[in-house]
Structures are given as structure tokens and as C-alpha cells.
Amino acid sequence: FNYDKIAPGFDRDAVLNRMKSQMSDFRFSHCVRVEKEARGLAAENGINVDKAGLAGLLHDYAKERPDSEFTEIIKAKNLDPELLNYGNAIWHGIVGAEIIKDELNVYDEDVLNAVRRHTVGATTMTGVDKCTFIADFIEPARDFPGIDEARTYAEKSLDAGVAFELKHSIAHLIDKNRPIYPDTFISYNYWINKGE
Ligand code: GDP
Ligand code: FE
Ligand code: FE
Ligand code: FE
């Protein structure tokens, strides 16, 4: 795959090596699988395949960084201070996009937004956002109760896939007594009846 048109100078092999050196083997292979899955979803739905693929590849780029790195960036870049009340689950997408910009020189806002939105979604989601969000959830190695249903909805339409994923994720977080980032509810309320 060649992403030079979206991010001039982007060297995929160099980025793969960099990612491999800064994350677990499992996380690295997950990113490569999400890239492929996102490209497939994009192709099936008439969405820019390279933007979806690049967002898929990079979506968890910052996931294994220490909390201190995220909190410093939130302060230095004047991001929403409310973010400080959450943790890695929320930061690695929203703040991770800033790290991708600064370290990899990827400035394409469609790609960066898809990274920002890949965990909690959003009310306005582009096709690239939806492909990245869903690919993360249904890539081939994902296995959880409900995965077959998730894949079926994603095949029906991207909107149905997004709606199911938000519903499933919120139910899972509640079951585990985990706090829920308010934007996740806002996304849920918006999408829940959109994929019928
Ligand atoms: P991953 O990075 O490939 O593991 O997948 P995601 O980025 O989609 O999700 C990361 C983690 O965040 C998962 O454990 C989700 O269950 C969790 N998560 C998703 N939404 C929320 C939320 O609103 N609040 C909290 N606390 N966690 C969430
Ligand atoms: Fe993630
Ligand atoms: Fe996700
Ligand atoms: Fe992921």
C-alpha cells in the first residue's frame, strides 16, 4: 500500500518498523489487520480506500504510551481539560492523533479525525471514520460474544455497524462498572436508530 498521496513522504515500511518497536506484537498485528479490514470496508462502500487504510493502520499508534505523555500533551496543546478525568482508553485516539501529526507528519484531517473518533465515535462521522471504527471492532482476530452479529450489521450497512458497536460497547462498559465518556452516549443517542 502506498499512502504518499495522502501524507507526502510517508514511508509505510519505516512506520511499520517504528510501530513494531514501540508496541506489543499483538497490538502491532492488530493495527495491520485493522488497516486491511478498513480498506475492505471502504472498497465495498465506495469510500477512499487509502484514507481508511492509513487511519486503520495508525488508529492505535499511541495506545501503549505512558499516561504522563498524554497528560502533558493535553496541557501543552490546550485540549479539553475534561479529558484529564479519563484515561488511556479515551486518550489514545483523541490525543493519539496529535502524536501521529507530530511524529509521522500525517496532516490529513480525514485520517486524523478517524483516529480521534475510533473509540467513542461521534455524531458526524465520515465514511472514513465509520470504516475505521468498525474495522477496529470486527477485524479477523476479534472474538467476543456478539462478534457474528457485529459482522452481519457491518455488512448490512456502515451505519448499522456503527449503531451496533456503540450499543454493544456501552452495554459492555456498564457490565464491567467502567465509567463512560459522555461523548460515547452522545454518539449512541445519535446513531442508535440510524442503521435500520
Ligand atoms: P482498542 O484500542 O483496539 O482496544 O479498541 P478501542 O479504542 O475501540 O477501545 C479501547 C478501550 O476503551 C476498550 O476497552 C473499550 O471498551 C474502552 N471504551 C470505549 N468507550 C469508552 C468510554 O466511553 N469510556 C471508557 N472508560 N472506556 C471506553
Ligand atoms: Fe483503540
Ligand atoms: Fe473501536
Ligand atoms: Fe484498535
Side-chain angles (χ1 to χ4, degrees), residues 16 19-20 22-42 52-67 70-71 74 80 82-100 111-123 125-147 149-151 153-154 158-192 195:
L16 287 174
M19 287 172 66
K20 213 182 238 167
Q22 62 182 31
M23 58 178 74
S24 62
D25 290 348
F26 177 79
R27 178 75 42 202
F28 174 75
S29 58
H30 165 70
C31 290
V32 175
R33 286 190 298 272
V34 173
E35 175 187 37
K36 195 170 167 210
E37 186 73 34
R39 293 180 70 93
L41 288 167
L54 184 55
L57 176 66
L58 299 179
H59 80 288
D60 279 341
Y61 179 78
K63 176 114 176 177
E64 296 187 7
R65 301 295 173 96
D67 287 358
F70 291 112
T71 55
I74 292 166
D80 182 0
E82 174 70 11
L83 282 167
L84 294 168
N85 298 326
Y86 293 85
N88 175 283
I90 300 303
W91 296 336
H92 79 281
I94 297 167
V95 188
E98 301 302 316
I99 298 176
I100 290 167
V111 171
L112 296 171
N113 279 331
V115 172
R116 292 185 180 109
R117 296 169 181 163
H118 88 266
T119 306
V120 307
T123 54
M125 286 176 86
T126 65
V128 175
D129 293 344
K130 292 173 192 171
C131 291
T132 309
F133 186 74
I134 294 169
D136 183 29
F137 197 56
I138 66 165
E139 57 96 339
R142 289 281 196 203
D143 190 15
F144 52 82
I147 183 65
E149 229 184 323
R151 292 191 174 119
Y153 280 115
L158 293 178
D159 289 2
V162 168
F164 179 81
E165 180 172 341
L166 286 165
K167 175 177 159 175
H168 188 281
S169 299
I170 287 179
H172 177 76
L173 291 165
I174 289 173
D175 190 52
K176 298 281 173 212
N177 292 338
R178 302 259 311 273
I180 296 173
Y181 189 60
D183 283 3
T184 308
F185 285 122
I186 293 170
S187 300
Y188 167 85
N189 289 341
Y190 181 84
W191 286 104
I192 200 58

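For ligands, and for the atoms within them, numbers begin at 1 and follow the listed sequence.
Between Leu166, Asp60, Thr119, it is Thr119 that holds the heavy atom closest to atom 19 (C) of ligand 1.
Residue-to-ligand polar distances keep Val120 apart from ligand 1: every N/O pair is separated by 3.5 Å or more. For ligand 1, one of its N or O atoms has an N or O atom of Arg142 under 3.5 Å away.
Side-chain N or O atoms of Thr123 include none that pairs as donor or acceptor with a backbone N or O of Tyr190 at under 3.5 Å. Remark: side-chain polar atoms of Asp129 are paired, donor with acceptor, to backbone N or O of Thr126 under 3.5 angstrom. In this structure a side-chain-to-backbone donor-acceptor pair under 3.5 Å is present from Trp191 to Ala122.
Of all heavy-atom pairs between Ala38 and Ala135, the closest is N-CB, 3.5 Å. Counting all heavy atoms, side chain and backbone alike, Tyr181 lies closest to Ile90 at CB-CD1, 3.6 Å. Between Pro140 and Glu37, the closest heavy-atom pair is CD-OE1, 3.6 Å. Nearest heavy-atom pair, Thr71 versus Trp91, reported as atom, atom and distance to 0.1 Å: CG2-CH2, 3.7 Å. Nearest heavy atoms, Ser169 versus Phe137: OG-CE1, 4.1 Å. Pairing each heavy atom of Val115 with each of Ala55, the nearest pair is CG2-O, 4.1 Å.
Nearest protein heavy-atom contact of atom 8 (O) of ligand 1 is Asp136 OD2, 3.1 Å. In this structure, the protein non-hydrogen atom closest to atom 21 (C) of ligand 1 is Leu173 CD1, 3.3 Å. When hydrogens are left out, the protein atom nearest atom 12 (O) of ligand 1 is Ala89 CB, 3.1 Å; that is the closest non-hydrogen contact.
Each of the following atoms of ligand 1 lies closer than 4.0 Å to a heavy atom of Arg178: 27 (N). Near Arg27, the atoms of ligand 1 lying under 4.0 angstrom from a non-hydrogen atom of the residue are 1 (P), 2 (O), 3 (O), 4 (O). Per-residue contacts place Ile180 under 4.0 angstrom from the following atoms of ligand 1 (heavy atoms of the residue considered): 23 (O), 24 (N). Per-residue contacts place Pro179 under 4.0 angstrom from the following atoms of ligand 1 (heavy atoms of the residue considered): 24 (N), 25 (C), 26 (N). Atom numbering of ligand 1 starts at 1 in the shown order; those under 4.0 Å from a heavy atom of His92 are 2 (O), 7 (O), 10 (C). Every atom of ligand 1 with a heavy atom of Lys63 under 4.0 Å away is listed here by number and element: 1 (P), 2 (O), 4 (O), 10 (C). Listed by atom number, the atoms of ligand 1 under 4.0 Å from Thr184 heavy atoms are 22 (C), 23 (O).
Residues His59 and Phe133 fail the side-chain proximity criterion, which asks for heavy atoms closer than 4.5 Å.
Seen from the Fe ion (ligand 4), atom NE2 of His30 and atom OD2 of Asp60 lie 90° apart in angle, a value rounded to 10°.
With a 6.0 Å radius and a threshold of 12 heavy atoms from other residues, nucleotides or ligands, Asn85 has its CG atom above the threshold.
Ligand 1 does not have Glu139 within reach: every non-hydrogen atom of the residue lies 4.0 Å or more from it.
When non-hydrogen atoms are compared, ligand 1 lies under 4.0 Å from neither the backbone nor the side chain of Glu165. Neither the backbone nor the side chain of Asp183 has a heavy atom within less than 4.0 Å of ligand 1. When non-hydrogen atoms are compared, ligand 1 lies under 4.0 Å from neither the backbone nor the side chain of Ile170. With a 4.0 Å cut-off on non-hydrogen atoms, Lys176 does not touch ligand 1 at all.
Counting only heavy atoms, the protein gets under 4.0 Å from atom 28 (C) of ligand 1. Atom 15 (C) of ligand 1 is not flagged as protein-proximal [any protein heavy atom, distance under 4.0 Å].
Looking at Asp136 and the Fe ion (ligand 3) together, the shortest N, O or S contact belongs to OD2.
Checking Arg142, Lys130, Arg117 one by one against Asp136, the salt bridge (Lys or Arg N to Asp or Glu O under 4.0 Å) holds for a single residue, Arg142. Residue His168 forms a ring pair (Phe, Tyr, Trp, His ring centres under 6.0 Å) with just one option from Phe144, Tyr188, Tyr153, and that option is Phe144. Put simply, the residue from Thr132, Val111, Val128 that forms a side-chain contact (heavy atoms from CB on, under 4.5 Å) with Leu54 is Val111.
Checking His59 against the Fe ion (ligand 4), an N/O/S atom falls under the 2.8 Å cut-off.
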